[in-house]
Engineer: 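Starting off with a structure, shown below.
It should be emphasised that the depicted structure is a prediction, and the values quoted were computed from it without experimental measurement. Numbered from 1 within each chain, the chains take letters A, B, ... in sequence-line order.
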Number of protein chains: 2
Amino acid sequence: MNSAEKGRATINDVAAKAQVSKKTVSRVINNETNVKQETRERVQQAMSDLNYFPSLSARSLASKRSYLVAMLYFDLHAHYLHQLQSGLLDHFSTRGYSLLLHPCEGDNDTILQNLERKARYMNIDGFVLVPPLVHMSSLVSLLKQLDKPYVRIAPKEEHDGFSEVLCNDEQAAYELTQHLIQKGHRQIGFVKGAADCLAASKRYDGYLRALKTHHLPLDPTLVFEGDYDFTSGVAAGQHLLSLVRRPTAIFCSNDNMAAGVLNVAHAKGLSVPNQLALAGYDDSPLAQQIWPALTSVAQPGRKMAEVAANKLIDKIENIENAEYPQNIGCDIKYRASTQSELSLASLVEPA
Amino acid sequence: MNSAEKGRATINDVAAKAQVSKKTVSRVINNETNVKQETRERVQQAMSDLNYFPSLSARSLASKRSYLVAMLYFDLHAHYLHQLQSGLLDHFSTRGYSLLLHPCEGDNDTILQNLERKARYMNIDGFVLVPPLVHMSSLVSLLKQLDKPYVRIAPKEEHDGFSEVLCNDEQAAYELTQHLIQKGHRQIGFVKGAADCLAASKRYDGYLRALKTHHLPLDPTLVFEGDYDFTSGVAAGQHLLSLVRRPTAIFCSNDNMAAGVLNVAHAKGLSVPNQLALAGYDDSPLAQQIWPALTSVAQPGRKMAEVAANKLIDKIENIENAEYPQNIGCDIKYRASTQSELSLASLVEPA
DNA sequence: CTGTTAGCGCTTTCAC
DNA sequence: GTGAAAGCGCTAACAG
């Protein structure tokens, strides 16, 4: 009884059935050239006849590649991270890799130890880092020392143009701020995101640029330091909506914080958008589920994931000269929360 | 130059350094008994001196076990699924397994083919099925045929007491409905979840039981068939809030749908909770981010994940007689959306 | 309690 | 274009 009959065919069974050497079967499996078309077909026939599947562990052991990649993250909850996860999963699997999720938790040393152990144990071929981990330099050093390729999503520094993926937050924030200005708003509040985050500062930059373009002064009292959390949005709302010169519009660096501001507005009996225009960022499901629906910026999470996956695999497989989109555009979703015109908005300008 | 010096120590290097056979090293790696304490320590010392890590692919190939498990899911977005994912990740990794995410998409055949391919290619040791996949019988058959253990989260049928993990939705829905009744509500609307889902029917059962206990008649016009989606919540709101005998309270089978109802209430100018009490299910972040904050049931997602992970690994490792919690309890979060008393609620009863 | 032998199923290297 | 031999790093089965 050969192994095929025992339920699992091996490369030897296929080789025997196709009357070739197992090396030839291996060539077919790996889509190598240098196999005559006729031979290739015979092998493929044998594989399907025997219901053959190669064994990952055997090829990993022999080839010293695992076909495993890991996504390194911290605090996976945001809509954005979820989008990335799902996009990475898609594109890695398309190219024959499996995605491992590696949450980085605990203190610095714990994180590094766990990662090294897992990376070496599983011989992980490459890594995708997502914010805010992207900025953990000891982690990046470890990856370099492990000598495995990695790609970073939206890192703040050290751009080499090949190992990171960026999107155009600045432009989106600019356009959204401009939209508010065009609706007649002059007092536009801004709620910042976490300080160590590239996206946060790019969004703020876009806001500033729009003000400048339209010759509006920056009023520092209208800028609130948030941290992307709902509760910091509540704090922002309490602060901004209690000002004597209350803003007529508030742009939040994410939807969670916008929801916080919105709660305060509701509690104060302020009508949105008539007395307060409100915009968020992320276009999370929340944006459509709160009332009124929130104008928000949809980040190209899945597109970024696609680019990240392909960049990483190209590195792993030493494919050079590939072209990738540089600064992936965002998509603004205009909804009810900003859809009121100057006349209404001006009503609430403090006398 | 031995392999240790080339950057990666192998079991042979450890064996040589510790002056034992590699089988003994293997015993230490696998925490087997039958190793003298002194020997064990010598081996451990050698491992750490050489910065040795075993190789997963080598042990998989030799042992025919991959230490890989997969979570089979469809449509991973709900807060609940995310909780499960994160809990599974935790507990599998604690016990030395890595979790693979396997989204099941496409038509029936595609799903089965992809799963079989991946399962056999990676030699996955076990599977966790989460709703609604739990009810896909062809998938369950495939798993049986693959002869690998699986655990199902909240399946509708075929309970064997060992391969599924349940939580007590019925009781939670009962208690929450009772809470509404005690607030004075007599016209309590109910928005059902997806019909093929065990949890959905258990929640409805709890609602019915509470009505019965309190001798309230079931009014079928107050029961709306939703599908867990936000838009079905909007539809439910439009229907229920247009009734002549409008409900004074609505219990939705999840938070998304409650948010939909809430939007309609806002649009109709109905004040929540004063004119309408509203409750959801899942205790997703949304529940705290909408206004007013939503009373909701927190499912024990992480606890269920823990039980599922341990059940599955025990099956994989043939550990018997372990005890597991049977019907894991839910936790009701009472918030503003139901915090008004009879007197107020009765105000809005149509004349 | 420890060691020996023989693979696991594939790829690598090199030969033809 | 194809094949033979060697070996990846570990565990299984058995022996002692």
Engineer: Counting any heavy atom closer than 4.0 Å, what does A:Lys22 reach on the DNA or RNA strands: base, sugar-phosphate only, or nothing?
Structural biologist: base
Engineer: Whole Å only: how far is the CZ atom of B:Arg42 from the P atom of C:dC1?
Structural biologist: 14 Å
Engineer: Once you round it to whole Å, what is the distance between C1' of C:dC8 and CE of B:Met122?
Structural biologist: 18 Å
Engineer: Let's see if you can work this out: which of C:dG3, C:dC8, C:dC10 has an atom nearest to the side-chain heavy atoms of A:Arg59?
Structural biologist: C:dC10
Engineer: What's the closest nucleotide to the side chain of A:Thr10 if the choices are D:dG9, D:dT2, C:dC10?
Structural biologist: C:dC10
Engineer: Can you tell me how far C1' of D:dT11 sits from CZ of B:Arg65, to the nearest Å?
Structural biologist: 12 Å
Engineer: Measure OH/A:Tyr67 against C1'/D:dC8 and give the value in whole Å, please.
Structural biologist: 14 Å
Engineer: Find the distance A:Lys23:NZ to C:dG9:P and express it as a whole number of Å.
Structural biologist: 18 Å
Engineer: Mind checking if A:Lys36 touches a base, just sugar-phosphate, or nothing, with heavy atoms under 4.0 Å?
Structural biologist: sugar-phosphate
Engineer: Between A:Glu32 and A:Ser57, which residue's closest nucleotide on DNA chain C lies nearer the 5′ terminus?
Structural biologist: A:Ser57
Engineer: Measure the spacing between CG of B:Asn318 and CD1 of B:Ile313 and express it to the nearest 0.5 Å.
Structural biologist: 13.0 Å
Engineer: So, is B:Asn30 near the phosphate of D:dT11, with a side-chain N or O under 4.0 Å from OP1 or OP2?
Structural biologist: yes
Engineer: Measure CD1/B:Ile11 against C1'/D:dA12 and give the value in whole Å, please.
Structural biologist: 13 Å
Engineer: By nearest atom, which of the nucleotides C:dC1, D:dG3, D:dT11 is closest to the B:Thr39 side chain?
Structural biologist: C:dC1
Engineer: How about CD on A:Glu32, more than 12 heavy atoms from neighbouring residues, nucleotides or ligands closer than 6.0 Å, or not?
Structural biologist: yes
Engineer: Taking the side chain of A:Leu61 as heavy atoms from C-beta outward, which of C:dT4, C:dC10, D:dC8 is closest to it?
Structural biologist: D:dC8
Engineer: What verdict does the side chain to side chain donor-acceptor pair (under 3.5 Å) test give for A:Gln45 and A:Glu41, after you've listed the backbone C-alpha separation in whole Å, the side-chain angles of each residue and the deciding distance to 0.1 Å?
Structural biologist: CA-CA 6 Å; A:Gln45 186 60 52; A:Glu41 279 161 15; over 6 Å; no
Engineer: Among B:Lys303, B:Arg302, B:Arg95, find the residue that satisfies the salt bridge (charged side-chain N to carboxylate O under 4.0 Å, His left out) test when tested with B:Asp90.
Structural biologist: B:Arg302
Engineer: It should be established whether B:Thr24 places a side-chain nitrogen or oxygen under 4.0 Å from OP1 or OP2 of nucleotide C:dG3.
Structural biologist: yes
Engineer: Once you round it to whole Å, what is the distance between P of D:dC8 and CZ of B:Phe53?
Structural biologist: 21 Å
Engineer: Establish, with yes or no, whether the OP1 or OP2 oxygen of D:dT2 is under 4.0 angstrom from a side-chain nitrogen or oxygen of A:Asn34.
Structural biologist: no
Engineer: For D:dG3 and A:Ser21 - does any side-chain N or O of the residue sit under 4.0 Å from the phosphate oxygens OP1/OP2?
Structural biologist: yes
Engineer: Please confirm whether any donor atom in the side chain of B:Arg27 sits under 3.5 Å from an acceptor in the base of C:dG3, or the reverse.
Structural biologist: yes
Engineer: Does NZ belonging to B:Lys23 count more than 12 external heavy atoms closer than 6.0 Å?
Structural biologist: yes
Engineer: Applying a 4.0 Å non-hydrogen cut-off, can you work out what A:Val25 is touching in the nucleic acid: base, sugar-phosphate, or nothing?
Structural biologist: nothing
Engineer: Just to confirm, is there a sub-4.0 Å distance from OP1 or OP2 of C:dC10 to any side-chain nitrogen or oxygen of A:Tyr52?
Structural biologist: yes
Engineer: Are A:Lys64 and D:dG9 close enough that a side-chain N or O sits under 4.0 Å from OP1 or OP2?
Structural biologist: yes
Engineer: Does the side chain of A:Ser26 get closer than 4.0 angstrom to OP1 or OP2 of C:dT11 through an N or O atom?
Structural biologist: yes
Engineer: Starting from C1' on C:dC10, measure out to OH on B:Tyr121 and report it in whole angstrom.
Structural biologist: 11 Å
Engineer: Do A:Arg152 and A:Tyr150 form a cation-pi contact, if we require the NZ or CZ to be under 6.0 Å from the six-membered ring centre and within 45 degrees of the ring's axis?
Structural biologist: no
Engineer: Please figure out whether B:Ser63 or B:Gln37 has its closest DNA chain C nucleotide nearer the 5' end.
Structural biologist: B:Gln37
